[in-house]
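Whatever order the structure lists them in is the order used to number ligands and atoms, beginning at 1. Counting from 1, the numbers follow the sequence of the chain as shown.
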Amino acid sequence: MNKAKRAAVIAGNWKMNMTPSQTTAFMNELAPKVAGLDGCKIVLCVPFVDIAAAVEATKGTNIEIGAENVHMEAKGAYTGEISGAMLAECGVKYVIVGHSERRQYFAETDVTVNGRTKAGLANGLKVILCVGETLTEREQGVTYETVARQTKVALLGVSAEDLRNVIIAYEPVWAIGTGVTATSAQAEEVCGQIRGVIADLYGAEAAEAITIQYGGSMNAKNAAELLSMENIDGGLIGGASLKSDDFTVIVKAAQ
Ligand code: PEP
């Protein structure tokens with residue numbers, strides 16, 4: 001299978017931005033701009049409190065809604081957390097797990113990311129699994145070891161069948177929200193290495209089929225070049241997903 005046969009996914013990550021009323025206004029603005037652009041999946045991952053507004057405003061459009069995290073347990077005494085069943089019932093189709101901001105500020109580890117990955121999959125969600133090295137790790141020459149470990153631990157206990165609902169987002173930490181983008185060659189190299197890890201774990205066919213995104217200061221200007229690379233099947237986009245015009249340019253670049 002080559003790149004043309006893999007599902008391209010352009011996903012926004014709103015982080016802690018937008019209120020419900022702002023969400024409705026944004027979706028109403030974006031929907032006509034991306035209507036008919038069916039060459040990629042279009043996803044917006046929004047804060048939990050914006051999900052209802054986002055799902056309602058995107059009914060009948062080609063935009064799907066995701067969440068920014070999911071708890072590993074089905075229910076119980078986990079104040080402040082949200083379960084996969086809660087998300088699924090609200091109309092959420094995708095969930096991000098392992099974002100570097102979760103790892104950095106909320107003490108998430110490879111092991112908790114594994115639990116959250118399995119919880120998303122168990123509830124029928126497509127999981128966008130984020131991996132990526134810090135600047136120190138890149139400078140120390142352990143980028144491959146880092147993303148390989150993160151990928152392997154996150155996927156422990158995930159069956160080949162469930163892997164079909166996993167998207168991997170390669171997000172070098174030094175490129176997230178910094179305006180510094182990995183070069184297309186750097187991004188391509190690591191996305192190719194991650195595909196190799198999947199081949200080792202699940203075989204060549206699964207590796208060829210899995211969608212691997214790049215994320216890290218992807219914007220309207222650099223998206224086309226990054227998305228033209230053989231192993232980059234889409235993008236996870238933070239800042240530029242908050243502007244409907246910029247996000248539309250990125251969606252068009254993925255057609
Ligand atoms: C992200 O939040 O996953 C991200 C890539 O952010 P930004 O595009 O702003 O760097």
Side-chain angles (χ1 to χ4, degrees), residues 8-18 22-23 26 30 40-48 50-51 54 64-70 92 94-106 108 110 113 116-117 120 125-135 137-138 143 146-147 150-151 154 166-184 186-188 190-191 194 211-227 229 231-254:
V9 181
I10 298 295
N13 171 21
W14 275 4
K15 314 194 188 199
M16 197 174 73
N17 292 291
M18 302 274 197
Q22 289 169 335
T23 299
F26 181 95
L30 179 69
C40 68
K41 298 272 182 202
I42 304 170
V43 182
L44 280 162
C45 299
V46 304
F48 293 130
D50 295 335
I51 287 170
E64 295 180 288
I65 300 306
E68 297 178 14
N69 207 358
V70 60
V92 165
Y94 291 75
V95 65
I96 297 172
V97 301
H99 193 279
S100 66
E101 288 154 14
R102 299 292 318 173
R103 295 179 193 256
Q104 187 179 350
Y105 303 130
F106 302 99
E108 294 220 15
D110 293 340
V113 173
R116 293 177 195 268
T117 298
L125 304 177
K126 291 192 190 300
V127 170
I128 300 176
L129 164 64
C130 300
V131 299
E133 81 287 4
T134 62
L135 185 58
E137 286 162 337
R138 176 160 282 266
T143 296
T146 303
V147 298
Q150 291 172 334
T151 304
V166 175
I167 293 164
I168 298 182
Y170 167 54
E171 298 211 305
V173 179
W174 47 272
I176 297 178
T178 57
V180 179
T181 315
T183 64
S184 50
Q186 286 172 323
E188 167 67 9
V190 183
C191 288
I194 294 169
T211 296
I212 301 182
Q213 300 173 313
Y214 167 78
S217 299
M218 188 185 273
N219 58 40
K221 289 201 179 112
N222 60 29
E225 188 186 334
L226 287 158
L227 294 170
M229 305 307 283
N231 281 297
I232 302 178
D233 307 313
L236 183 57
I237 296 122
S241 72
L242 295 163
K243 297 176 198 140
S244 67
D245 281 341
D246 289 10
F247 193 63
T248 302
V249 172
I250 298 171
V251 168
K252 285 184 175 161

With a 4.0 Å cut-off, would you call Glu64 and Lys126 a salt bridge? no

What is the nearest protein non-hydrogen atom to atom 9 (O) of ligand 1, stated with its residue, atom name and distance? Gly239 N, 2.9 Å

Got an N/O contact under 3.5 Å between Thr178 and ligand 1? no

Rounded to the nearest 0.5 angstrom, the CG-CG distance for Leu227 and Asn222 is 9.0 Å

Report yes if some N/O of Gly177 lies less than 3.5 Å from some N/O of ligand 1; otherwise report no. yes

Can you tell me if Gly216 has a non-hydrogen atom under 4.0 Å from ligand 1? yes

Close side-chain approach of Leu30 and Thr248, heavy atoms under 4.5 Å: yes

What do we get for Ala175 next to ligand 1 when only non-hydrogen atoms under 4.0 Å count, side chain, backbone, both or neither? backbone

Is a donor from one side chain sitting under 3.5 angstrom from an acceptor on the other, for Asn231 and Glu188? yes

Heavy-atom distances under 4.0 Å are what count here, so tell me which part of Asn13 touches ligand 1: side chain, backbone, both or neither. side chain

Tell me which one of His99, Arg102, Arg103 satisfies side chain to side chain donor-acceptor pair (under 3.5 Å) with Glu108. Arg102

Below 4.5 Å, heavy atoms only, C-beta onward: do Gln150 and Val113 meet side chain to side chain? no

Among all protein heavy atoms, pick out the one at the shortest distance from atom 5 (C) of ligand 1; state its residue, atom name and that distance to 0.1 Å. Glu171 OE2, 3.1 Å

What are the two closest heavy atoms between Cys130 and Ile96, and how far apart are they? SG-CG2, 3.7 Å

For the atom pair CD1 (Ile10) and OG (Ser241), what is the distance rounded to the nearest 0.5 Å? 11.0 Å

Starting from atom 8 (O) of ligand 1, which protein heavy atom do you reach first, and at what distance in Å? Gly238 N, 2.8 Å

Taking only heavy atoms of Ser217, which atoms of ligand 1 are found under 4.0 Å from at least one of them? 7 (P), 8 (O), 10 (O)

Leu236-ligand 1 polar pair, N/O distance under 3.5 Å: no

Glu68, His99, Met218, Glu101: member with heavy atom nearest to atom 1 (C) of ligand 1: His99

